[in-house]
Structures are given as C-alpha cells and as structure tokens.
Amino acid sequence: MLKLFQKLVKLNLDDLALYLAVEGGLFLVIQIIIGCVMHFGRPDTSVTVSCILFPIVGGFTALVAGISHVGVSFDQALRFGQTRKRALGLTLGLCAFESAFALALGGALAAVERFLCVPLWAKLAGMNGWVMGGSGVMEFAASPGHDAPITGKVFENMAGELVSVPEKTLIIEAFTLDWYWWLLIFALAVTGGLIVGALLQRFGGKGGWIIWGICVVPMLLSQIFPQKLVSSAELMIPVLAVLFVAGFLWSVWSLLHAAVRA
C-alpha cells in the first residue's frame with residue numbers, strides 16, 4: 001500500500017508545480033505591487049497579507065485538484081485492478097498530501113514576507129527601521145491643562161499596548177489566521193474535493209446541477225427565513241458541520257459502491 005502511494009505521488013508531482021506556480025506567482029505580483037507603493041508613495045504604514053491570503057488560495061487550489069483526483073486517479077485505480085477501498089484510500093491520501101503541501105507552501109511564503117520582504121519595504125520607503133503592530137498609526141494629543149502618558153504618533157503593538165512611533169519607522173499591520181483556521185482549511189480542501197468529486201463521479205454532468213443547487217439553496221433560504229436566524233453563528237455552524245459530515249459519509253459510501261468504467 002505504501003509503495004503504491006509513493007508511485008501515485010510521483011505520478012502527480014506536476015501538481016506540486018501547479019501550487020508553486022499559483023501561490024508563488026501571486027506572491028511575486030503582490031510583493032512587486034507593495035514594493036512599488038513603498039518606493040514611489042513613501043507611506044509610513046504597510047500590511048502583511050500572506051498569512052491570510054495564501055492558506056486560502058492554497059486550500060482552494062487543493063480542493064480543485066482533489067476533485068480531479070477523485071474523477072481521474074480513483075477511476076484509474078479501479079481499472080488497474082485495485083479494490084474500491086484501496087483506491088479510495090490512495091485518493092484520500094493523495095488529496096491530503098497535496099493539501100498539506102499547499103498549506104506548508106503558504107506558511108513558507110508568509111515567513112518569507114515576514115523576515116525578508118518587510119525589511120525591504122522599509123528600505124524602499126526610506127525608513128530607518130520597522131515595527132510590527134496590530135493597527136495603523138494614530139494621533140494622540142494631550143487635552144488642554146492635562147498631561148498625557150503618550151502624545152503624538154502611536155501604534156498598537158502585537159501585545160495590544162500603545163507605543164510611541166520612533167522617527168522614520170515603518171509600521172507594519174499584521175493580519176494573520178489563528179492555527180485552527182489552517183486545520184479547517186485543510187479539512188475543507190480534502191473533504192470538499194472528495195464530496196464534489198464523488199458527485200461528478202456518480203452523476204456525471206448532472207452532478208454539476210446538483211452542486212449548483214447546493215450553492216443556490218442557502219441563498220434562497222436566507223430570503224425565506226428571518227435574517228437573525230440565518231445569521232446566527234450558534235445555529236448555522238452546527239448545521240453546516242452536520243451537512244458537511246453527511247456529505248463526506250455519502251461520498252465515501254458512493255465511491256465504495258462505484259461502478260468500474262471501461
């Protein structure tokens with residue numbers, strides 16, 4: 001089983017190049033734009049976006065790749081004599097491997113932005129240094145007849161404290177995702193690709209209409225039910241989780257009973 005999985009990964013190494021092209025290309029475009037803004041605009045603030053953007057981009061790319069793996073790799077494994085259970089295990093393993101690679105690449109790009117690009121931004125903006133904060137620059141002035149502990153330009157550091165801004169310093173606003181969002185994106189990429197792929201594998205072109213219906217129904221329900229009910233996170237999150245688990249279980253059942261196509 002392990003040797004088969006290694007062979008399957010080698011056959012799909014070009015998918016890793018796809019992740020590198022999509023995430024790496026987008027990273028370069030974003031950094032070129034920010035660099036031009038820093039050099040020509042000379043602002044005193046900037047933002048880090050890689051820690052939010054690239055996990056989402058990588059997860060979406062992995063989801064699309066997962067759909068194709070269920071439709072191609074799974075059927076090919078059945079044609080070459082693999083059991084449905086083994087073919088499903090190999091396909092899930094491949095989807096999980098590529099999703100993990102996409103998220104790891106996103107984390108690496110976020111680290112490159114944090115440790116290499118941010119100092120470069122400060123130099124391009126003509127600043128002497130940079131500091132990482134949770135919000136932009138604010139102006140504080142003392143009230144007439146009163147003293148203030150902080151006056152002038154201040155920023156909120158990563159600890160939530162208000163600190164005076166040193167002269168000629170670039171303030172970096174950090175936007176990040178908590179660790180559990182990375183796990184959620186991984187689960188959505190693997191499971192979502194399996195669900196959509198299973199629909200297309202079983203129903204063919206008609207599966208596209210089912211997917212369209214799944215996307216449209218929530219919008220219709222939001223018009224029927226009260227807005228407070230639809231926007232209630234305490235209600236909607238458990239409902240969505242149950243539907244997602246049900247879709248995953250149906251997908252596993254469907255693929256374990258899939259017909260072998262010639």
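This is a predicted model, so every value here is computed, not measured. Basis for what follows: all heavy atoms, side chains included, without hydrogens, waters or symmetry-related copies.
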Flag the pair V70 / L88 as yes when at least one side-chain heavy-atom distance between them is below 4.5 Å, and no otherwise. no
For the residue pair L170 and I172, establish whether any side-chain heavy-atom pair is separated by less than 4.5 Å. yes
Return yes when atom CH2 of W250 has more than 12 non-hydrogen atoms of other residues, nucleotides or ligands closer than 6.0 Å, and no otherwise. yes
Is the shortest side-chain heavy-atom distance between S73 and L94 below 4.5 Å? yes
Ignoring hydrogens, what is the shortest heavy-atom contact between G58 and A102? Give both atom names and the distance. O-CB, 3.5 Å
Between A122 and G129, what is the shortest heavy-atom contact and its length? CB-O, 3.9 Å
Nonpolar side-chain network containing F60, other nodes, edges under 4.5 Å: V64
Tell me, yes or no, whether the heavy-atom count around W182 atom CH2, taken from other residues, nucleotides or ligands under 6.0 Å, exceeds 12. yes
State, with a plain yes or no, whether a side-chain heavy atom of S254 is found less than 4.5 Å away from one of F203. no
Working to the nearest 0.5 Å, report the span between CZ of F27 and CG of L105. 10.0 Å
d(M127 CE, W121 CH2) to nearest 0.5 Å is 13.5 Å
Run the side chain to side chain contact (heavy atoms under 4.5 Å, CB included) check on E113 and F54 step by step: do they pass? CA-CA 11 Å; E113 183 182 65; F54 290 106; 5.9 Å; no
By side chain to side chain donor-acceptor pair (under 3.5 Å) - contacts of D15 (at least two apart): H69
Rounded to the nearest 0.5 Å, how far does CZ of F40 lie from CG of L124? 9.5 Å
Hey, any chance V49 and L28 share a hydrophobic cluster, counting ILVMFWY side chains that come within less than 4.5 Å of each other, even indirectly? no
CD on Q31 to CE on M38, rounded to 0.5 Å: 10.5 Å
Interatomic distance, L188 atom CG to I195 atom CD1 [nearest 0.5 angstrom]: 9.0 Å
Indicate if V72 and L199 have the same hydrophobic cluster label, given that clusters are the connected sets of ILVMFWY residues with side-chain heavy-atom separations under 4.5 angstrom. no
Any non-hydrogen side-chain atom of L177 less than 4.5 Å from a side-chain atom of I185? yes
Return yes if some donor-acceptor pair links the side-chain N/O of H257 with the main-chain N/O of W253 below 3.5 Å, else return no. yes
Of the non-hydrogen atoms in Y19 and A65, which two are nearest, and what is the gap between them? OH-CB, 3.3 Å
Shared hydrophobic cluster for F101 and L11 (ILVMFWY, side-chain gaps under 4.5 Å): no
Candidates L109, L53, T61, L18 - the one meeting side-chain contact (heavy atoms from CB on, under 4.5 Å) with E23: L109
List the atom of S50, the atom of P55, and the distance in Å for their closest heavy-atom pair. O-CD, 3.4 Å
For residues 186-197, which residue pairs qualify under side-chain hydrogen bond (donor to acceptor under 3.5 Å, both in side chains), counting only residues two or more places apart or in two chains? none
What do the steps show when you test Q201 against D75 for side chain to side chain donor-acceptor pair (under 3.5 Å), and what is the final call? CA-CA 9 Å; Q201 197 275 343; D75 283 343; 3.1 Å; yes
Please evaluate residues R84 and L78 with respect to the criterion side chain to side chain contact (heavy atoms under 4.5 Å, CB included), reporting the C-alpha separation (whole Å), side-chain torsions for both, the decisive distance (0.1 Å), and the verdict. CA-CA 7 Å; R84 293 176 179 83; L78 294 182; 3.7 Å; yes
Same cluster or not: are Y180 and V245 linked, directly or through other Ile, Leu, Val, Met, Phe, Trp or Tyr residues, by side-chain heavy atoms under 4.5 angstrom apart? yes
Roughly how far, to the nearest 0.5 Å, is CD1 of I34 from CD1 of I30? 6.5 Å
For G59 against A189, the heavy-atom pair lying closest together: O-CB, 3.5 Å
Look at the side-chain heavy atoms of Ile, Leu, Val, Met, Phe, Trp and Tyr, link any pair under 4.5 Å apart, and say whether L194 and L183 land in one connected group. yes
